[in-house]
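Reading through the structure tokens given below for one structure.
Computation of the quantities below employed the complete heavy-atom set of this structure, encompassing side-chain atoms and omitting hydrogens, waters and symmetry-equivalent molecules.
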Amino acid sequence: MTAHKRPIIFISNDDGYEALGFKRIIECAARYGRVIAVAPEVTQSGKAHAITMYEPLHLDLRRDEENISVYSCSGTPVDCVKIAYDWLLPELGLKPDLNISGINHGSNAAINVLYSGTMGAAIEASFYGAPSVGLSLDDHRADADFDATIEFADRLIPALLGRELKTPLCLNINVPIARPEEIKGHIVCRQTRGFWREEFFCRQDPRGRNYFWLTGGFCNHEPEAQDSDEWALKNKYIAIVPIKVDLTDHSRIDELKELL
């Protein structure tokens, strides 16, 4: 841990600094350390690992208390992490002991990890040397019930702060829709194999120009597999998936050497 009296906990998200899940995890984390939080001005869901390169960024202090400082950033979730770690935190003389991204409104299980701004922020934060957690609830409602997620966070945060962990460490944690007493436990598992199949609805504006709305559904390629995050959520377990950045398909290396 850092030399400060209390651990430093950095928090971001992709739903924006006014999101209920963001506010709930800040209050929870503040019980265990000093919170520095930077989140987008508006929702940035689906931004994945996008960064802003051709527009200026704005950083505004929104809340300033003894153990909680909250900023909004005009960019993406990853912008929030980068501006925090590469400018704000050095200006404050702080180095986080733990990173949390969330609590997201909606699941980031399975292939969603690639699209998620929540996980983009969590993965980016893990590059800076402290354990990182993307925390999501499988409920998109603005007034979602986060009690079960907070109860788990109350065990997770001190556990991660109290140990020397090999880094980079990034966890994708998804919580099912349930009251705390309905949660069966947690499972350390793997990402489900499956993909989204999109559908675009085409309409015309008053000028006769086509516009499109995106929708679609998730196709689970292994619905019966009991060691996956989707199975865990459907069976009222909290799913914990360790994430790594190396996307190399190592099983293909020898095959391609022979082929090419």
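Looking at T118 and L135, their side chains never come closer than 4.5 Å, going by heavy atoms from C-beta outward. Side chains of S116 and N104 form no contact here, defined as non-hydrogen atoms less than 4.5 Å apart. Considering only heavy atoms from C-beta on, N99 stays 4.5 Å or farther from S126 through its side chain. Looking at heavy atoms from C-beta onward, I8 lies out of side-chain contact with K95 at the 4.5 angstrom threshold. With a 4.5 Å cut-off on side-chain heavy atoms, F218 and N112 do not count as touching. Considering only heavy atoms from C-beta on, P40 comes within 4.5 Å of N13 through its side chain. Side-chain contact check for P96 versus I36: every heavy-atom pair is 4.5 Å or farther apart. Residues C73 and C80 are in side-chain contact: their nearest non-hydrogen atoms beyond the backbone lie under 4.5 Å apart.
I68 contributes atom CD1, which lies 12.0 Å from atom NZ of K23 (distance to the nearest 0.5 angstrom). Going from atom CG of N210 over to atom CD of Q204 covers 5.0 Å, rounded to the nearest 0.5 Å. Here M119 contributes atom CE and S101 contributes atom OG; the two are 7.5 Å apart, rounded to the nearest 0.5 Å. To the nearest 0.5 Å, atom CG of residue L98 and atom CG of residue L160 are 5.5 Å apart. Here the CZ-CG distance, from F10 to L88, works out to 8.0 Å after rounding to the nearest 0.5 Å. The OG1 atom of T149 lies 8.5 Å from the CZ atom of R24; values are rounded to the nearest 0.5 Å.
For N220 and W231, the side-chain atoms include no donor-acceptor pair closer than 3.5 Å. T192 and D229 share a donor-acceptor pair across their side chains, judged by distance under 3.5 Å alone.
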Checklist entry - Does the pair I111 and W196 meet the rule for a side-chain contact (heavy atoms from CB on, under 4.5 Å), with working shown? => result CA-CA 8 Å; I111 197 68; W196 282 90; 3.4 Å; yes
Checklist entry - Given S132 and L171, is the side-chain contact (heavy atoms from CB on, under 4.5 Å) satisfied, shown in steps? => result CA-CA 6 Å; S132 190; L171 304 178; over 6 Å; no
Next on the checklist: Does S72 form a side-chain contact (heavy atoms from CB on, under 4.5 Å) with L59? I'd like the steps, not just the answer.
Outcome noted: CA-CA 6 Å; S72 67; L59 186 67; over 6 Å; no
Item to check | Working for side-chain contact (heavy atoms from CB on, under 4.5 Å), residues F152 and I173 | outcome: CA-CA 10 Å; F152 180 72; I173 300 179; 3.9 Å; yes
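A continuous path of ILVMFWY side-chain contacts below 4.5 Å connects L214 to F212, so both sit in one hydrophobic cluster. No single ILVMFWY cluster, assembled from side-chain heavy atoms under 4.5 Å apart, contains both L233 and V113. L61 and I83 fall within the same hydrophobic cluster, where Ile, Leu, Val, Met, Phe, Trp and Tyr residues are linked whenever their side-chain heavy atoms come under 4.5 Å apart, directly or through other members. Cluster membership for L57 and I51, using ILVMFWY side-chain heavy atoms within less than 4.5 angstrom, is not shared. Both F146 and I238 belong to a common hydrophobic cluster when Ile, Leu, Val, Met, Phe, Trp and Tyr are linked at side-chain heavy-atom distances under 4.5 angstrom.
Residues forming a side chain to side chain contact (heavy atoms under 4.5 Å, CB included) with E255 (at least two apart in sequence, or on another chain): R252. In terms of the salt bridge (charged side-chain N to carboxylate O under 4.0 Å, His left out) criterion, residue partners of R190 (sequence neighbours excluded) are, by chain and number, E222, D227. Applying the ring-ring contact (aromatic ring centres under 6.0 Å, His included) test to F195 and every residue at least two apart in sequence or in another chain returns H221. Partners of E55 by salt bridge (charged side-chain N to carboxylate O under 4.0 Å, His left out), not counting sequence neighbours: none found. Residues satisfying the side-chain hydrogen bond (donor to acceptor under 3.5 Å, both in side chains) criterion with R141, sequence neighbours excluded, are D139. Residues passing the side-chain hydrogen bond (donor to acceptor under 3.5 Å, both in side chains) test with T248 are D246, sequence neighbours excluded. The ring-ring contact (aromatic ring centres under 6.0 Å, His included) test applied to Y71 returns no partner, not counting sequence neighbours. D138 is linked by a salt bridge (charged side-chain N to carboxylate O under 4.0 Å, His left out) to nothing, counting only residues two or more places apart in sequence or in another chain. Applying the ring-ring contact (aromatic ring centres under 6.0 Å, His included) criterion to H140, with sequence neighbours excluded, gives no partner residue.
The environment of E224 atom CD is sparse: at most 12 non-hydrogen atoms of other residues, nucleotides or ligands sit within 6.0 angstrom.
The backbone N or O of I177 lies less than 3.5 Å from a partner atom in the side chain of K236, making a donor-acceptor pair. When atom types are taken as modelled, the side chain of S74 and the backbone of H58 share a donor-acceptor pair closer than 3.5 angstrom. In terms of modelled atom types and a separation under 3.5 Å, the side chain of R6 and the main chain of R31 share a donor-acceptor contact. Between the side chain of N235 and the backbone N or O of Y237, no donor-acceptor pair lies under 3.5 Å. Formation of a donor-acceptor pair under 3.5 Å by the D15 side chain with backbone atoms of A19 is not found in this model.
Between E230 and K234 there is a salt bridge, with a side-chain nitrogen of the basic residue lying less than 4.0 Å from a carboxylate oxygen of the acidic one. Ionic pairing of E65 and R63 is present here: one or more N-O contacts between side-chain nitrogen and carboxylate oxygen are shorter than 4.0 angstrom.
Nearest approach of S69 to R34, heavy atoms of both residues: OG-NH2, 4.4 Å. Contact detail for V78 and A50: the closest heavy-atom pair is CB-O, 3.6 Å. The two atoms that bring P77 and Q44 nearest to each other are CD-CB, 3.5 Å, heavy atoms only. Heavy-atom minimum distance, A39 versus G16: CB-C, 4.1 Å. Residues A153 and I25 share a closest heavy-atom pair of CB-CD1, 3.8 Å. The two residues V38 and A84 have their closest heavy-atom pair at CG2-CB, 4.0 Å.
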Would you give me the side-chain donor-acceptor pairs under 3.5 Å for residues 181-188, sequence neighbours excluded?
| unit_1 | atom_1 | unit_2 | atom_2 | d |
| --- | --- | --- | --- | --- |
| E182 | OE1 | R179 | N | 2.8 |

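Ring geometry for Y85 versus Y128: interplanar angle under 30°, hence parallel rather than tilted (30 to 60°).
Residue pairs meeting the salt bridge (Lys or Arg N to Asp or Glu O under 4.0 Å) criterion with at least one member in residues 71-88, sequence neighbours excluded, are K82-E124. Evaluation of the ring pair (Phe, Tyr, Trp, His ring centres under 6.0 Å) test over residues 14-50, restricted to residues two or more places apart or in two chains, returns none.
Checking V175, L20, I150, I11 one by one against I103, the side chain to side chain contact (heavy atoms under 4.5 Å, CB included) holds for a single residue, I150.
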